[in-house]
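Following: one structure in structure tokens, then a few remarks.
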Amino acid sequence: MSDLKTAALEYHAHPRPGKLSVELTKATATARDLSLAYSPGVAEPVREIARDPELAYKYTGKGNLVAVISDGTAILGLGNLGPLASKPVMEGKGVLFKRFAGIDVFDIEVDSESPQAFIDTVKRISITFGGINLEDIKAPECFEIEKALIEQCDIPVFHDDQHGTAIVTAAGMINALEIAGKTLADAKIVCLGAGAAAISCMKLIVSMGAKLENIYMVDSKGVIQSERTDLNQYKAMFAHPSSKRTLADALNGADVFVGLSGPNLLSAEGLKSMAANPIVFACSNPDPEIAPELAHATRSDVIMATGRSDYPNQVNNVLGFPFIFRGALDVRAKRINEEMKVAAANALRELAKLPVPQDVCDAYGGAKLEFGREYIIPKPMDKRLITLISDAVAKAAIETGVATLPYPKNYPLQSVDDVFNG
Ligand SMILES: NC(=O)C1=CN([C@@H]2O[C@H](COP(=O)(O)OP(=O)(O)OC[C@H]3O[C@@H](n4cnc5c(N)ncnc54)[C@H](OP(=O)(O)O)[C@@H]3O)[C@@H](O)[C@H]2O)C=CC1
Ligand SMILES: CC(=O)C(=O)O
Ligand SMILES: [Mg+2]
């Protein structure tokens, strides 16, 4: 077994199985405490909530509780391995929510026979939570599922692989283009993959200034172009007239490659054919579309990012979902709208340009981190993410009328420790 495999299995198994547990937030030392926490005292908040459902936010953990829910149909880039196998990833998302944004998570793995069964299950349990983070559900079913749940639930429902990924990718791409001396409006972009993450990423960058006709989306059958007759409605949005048919055709002269597909699908030859200062976001997890070592050996001018924690430039939705939900929960937003997503992307992009605190450099091996080819996007350990992204999201929610609470008194948060100092 490789060192990483052994260490990863050991980490998950010991000293107790898994990565999360439930903690108590109130005193439970005496009979008096128990008479408040349970019978008879618990009847009082029950009666209050029955009278006014909004009081669930006052008397229960609902307002700080997010469900991370999967059917296991697209677990990272590992494919459809079923709901139970997705549990380590869903627990992992719970770890990130808690560590970076102080949000409690129940991970829920649903064994559903159809998208409708999944929708019905999630809808029925949705009242438990302040928000729902859908995870690792494959396209195209994920689009129908998210749309239905947004319509049926009165709490934020957010498919992280779509929107979390899109927000972080857009931020990283705009910064990388700036470093390469290019612009989003002129960039020729190849997106390998046409699933949940890819469709949403390309939609967001178009809304932020990329031109649809400059985007070549490539699925397992080749370039998505007007003559294809096998496209679902989501892929069809990206079809335009083109003589390009293969990934190699699309890569020739391209400025940007975004991989949201699977491992080792970008060859050295393909990378060689890209324009000067090529930007490569090989975001498939855990194994990228091209290994950074091969990319750097192939092109000395490449600006390279992966979804992984162990290389520079981690373009991963961890930079988005904890802070976006924090902001949305704190103003009790009814949904996470486009303005909130763009606000998050811009906050993330701008943070990358600020001087990096020493503790963040220390957490990443001590090297000085500075806006440039090896640092296009902030690091997950940067405490300023909660300050800036959650603030931007909360303000955008208020400005666009989806917030039901005013700007919080404890904002902008300086750290996770500030969350309950309202
Ligand atoms: N770094 C990050 O933050 C994130 C990374 N990802 C990564 O993106 C990838 C896709 O995830 P997701 O969108 O949720 O999954 P989906 O199942 O929704 O989409 C997978 C897509 O990959 C395409 N694909 C698979 N194999 C090939 C191939 N050989 N050539 C071209 N395209 C191929 C599929 O093509 P077809 O449509 O023809 O079947 C499909 O469009 C995963 O590797 C995941 O780890 C996802 C979210 C976040
Ligand atoms: C990062 C993530 O959500 C994924 O690869 O699916
Ligand atoms: Mg995912």
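- With sequence neighbours excluded, the residues forming a side chain to side chain contact (heavy atoms under 4.5 Å, CB included) with E350 are N346, listed by chain and number.
- Atom CZ of R335 is surrounded by 12 or fewer heavy atoms from other residues, nucleotides or ligands within 6.0 Å.
- Using modelled atom types and a 3.5 Å distance limit, the side chains of D3 and T6 yield no donor-acceptor pair.
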Salt bridge (charged side-chain N to carboxylate O under 4.0 Å, His left out) evaluation trace for E178 with K353: CA-CA 11 Å; E178 189 179 317; K353 296 182 179 173; 2.8 Å; yes

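- Using modelled atom types, no side-chain atom of S284 and backbone atom of G77 make a donor-acceptor pair closer than 3.5 Å.
- Of all heavy-atom pairs between N337 and T400, the closest is ND2-OG1, 2.9 Å.
- At most 12 heavy atoms of other shown residues, nucleotides or ligands fall within 6.0 angstrom of atom CD1 in I127.
- Each of I103, V393, V416, D391 was evaluated against R326; a single residue qualifies, I103, per the side chain to side chain contact (heavy atoms under 4.5 Å, CB included) test.
- Using a 4.0 Å cut-off between charged side-chain N and carboxylate O, K147 and E144 make no salt bridge.
- Pairs passing the side-chain hydrogen bond (donor to acceptor under 3.5 Å, both in side chains) check and including a residue from residues 368-378, sequence neighbours excluded, read N277-R373.
- Aromatic pair H240/Y216: centroids less than 6.0 angstrom apart.
- For the residue pair T165 / N317, a side-chain donor-acceptor distance below 3.5 Å is found, with atom types taken as modelled.
- Residues D382 and P357 are in side-chain contact: their nearest non-hydrogen atoms beyond the backbone lie under 4.5 Å apart.
- Within a 6.0 Å sphere centred on CZ of R16, heavy atoms belonging to other residues, nucleotides or ligands number 12 at most.
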Return all side-chain donor-acceptor pairs below 3.5 angstrom for residues 35-45, not counting sequence neighbours, or 'none' if the list is empty.
{"from": "S35", "atom 1": "OG", "to": "A31", "atom 2": "O", "distance (Å)": "3.4"}
{"from": "S35", "atom 1": "OG", "to": "R32", "atom 2": "O", "distance (Å)": "2.8"}
{"from": "E44", "atom 1": "OE2", "to": "R47", "atom 2": "NH1", "distance (Å)": "3.0"}

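- The structure places CE of M202 at 7.5 Å from CZ of F238, a figure rounded to the nearest 0.5 Å.
- Partners of K19 under the salt bridge (charged side-chain N to carboxylate O under 4.0 Å, His left out) rule, at least two apart in sequence or in another chain, do not exist in this structure.
- With hydrogens and angles left out, the side-chain atoms of D160 and Q162 include no donor and acceptor closer than 3.5 Å.
- Contacts of D52 classified as salt bridge (charged side-chain N to carboxylate O under 4.0 Å, His left out), with partners at least two apart in sequence or in another chain: none.
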Stepwise side-chain contact (heavy atoms from CB on, under 4.5 Å) test for C201 and L260: CA-CA 9 Å; C201 283; L260 292 159; 3.7 Å; yes

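- Distance check: S415 OG to L385 CG gives 12.5 Å after rounding to the nearest 0.5 Å.
- Nearest heavy atom pair, residue V331 against residue P408, reads CG1-CD, 3.8 Å.
- Ring centroids of F281 and F257 are separated by 6.0 Å or more, keeping the two rings apart.
- Counting non-hydrogen atoms of other residues, nucleotides and ligands closer than 6.0 Å to NZ of K58 gives a total of 12 or fewer.
- Looking at Y411 and D418, their side chains never bring a donor and an acceptor atom within 3.5 Å of each other.
- Distance check: I119 CD1 to I145 CD1 gives 5.5 Å after rounding to the nearest 0.5 Å.
- Put simply, the side chain of H12 does not reach to within 4.5 Å of the side chain of P17, judged on heavy atoms.
- The salt bridge (charged side-chain N to carboxylate O under 4.0 Å, His left out) search around R332 returns E54, not counting sequence neighbours.
- Distance alone, capped at 3.5 Å, places no donor-acceptor pair between the D219 side chain and the A194 backbone.
- Between the NZ atom in K211 and the CD1 atom in I205 there is a gap of 12.0 Å [rounded to 0.5 Å].
- Looking at residues two or more places apart in sequence or on another chain, you find a side chain to side chain contact (heavy atoms under 4.5 Å, CB included) between T73 and D71, N80, I137, K138.
- Annotation: side chain to side chain contact (heavy atoms under 4.5 Å, CB included) contacts of A367 (sequence neighbours excluded): none.
- Side-chain atoms of R308 and N313 form no donor-acceptor pair, as typed in the model, at a separation below 3.5 Å.
- Around the NZ atom of K203, the shell of radius 6.0 Å holds no more than 12 heavy atoms that belong to other residues, nucleotides or ligands.
- Listed for the E135 side chain is no donor-acceptor partner under 3.5 Å among the backbone atoms of N133.
- Side-chain contact check for N214 versus I189: every heavy-atom pair is 4.5 Å or farther apart.
- Within the structure, side-chain hydrogen bond (donor to acceptor under 3.5 Å, both in side chains) contacts touching residues 118-130 (residues at least two apart or in different chains) are Q116-D120.
- Listed by chain and number, the residues in a side chain to side chain contact (heavy atoms under 4.5 Å, CB included) with D230 are K221, R228 (sequence neighbours excluded).
- For K182, the salt bridge (charged side-chain N to carboxylate O under 4.0 Å, His left out) criterion is met by D255, not counting sequence neighbours.
- Sorted by first then second residue, the salt bridge (Lys or Arg N to Asp or Glu O under 4.0 Å) pairs that include residues 102-111, not counting sequence neighbours, are K87-D107, K87-E109, K98-D104.
- Taking the six-membered ring for Trp and the full ring otherwise, the centers of F321 and F158 sit at least 6.0 Å from each other.
- With values rounded to the nearest 0.5 angstrom, K334 atom NZ is found 11.0 Å from C153 atom SG.
- Panel note: side chain N175, backbone I376; a donor-acceptor pair is recorded below 3.5 Å.
- If you check the side chains of Q314 and Y364, you find no donor sitting under 3.5 Å from an acceptor.
- Taking CD from Q152 and CG from L149, the interatomic distance works out to 6.0 Å, rounded to the nearest 0.5 Å.
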side-chain contact (heavy atoms from CB on, under 4.5 Å) between L329 and Y57, intermediate numbers included: CA-CA 11 Å; L329 292 177; Y57 287 98; over 6 Å; no

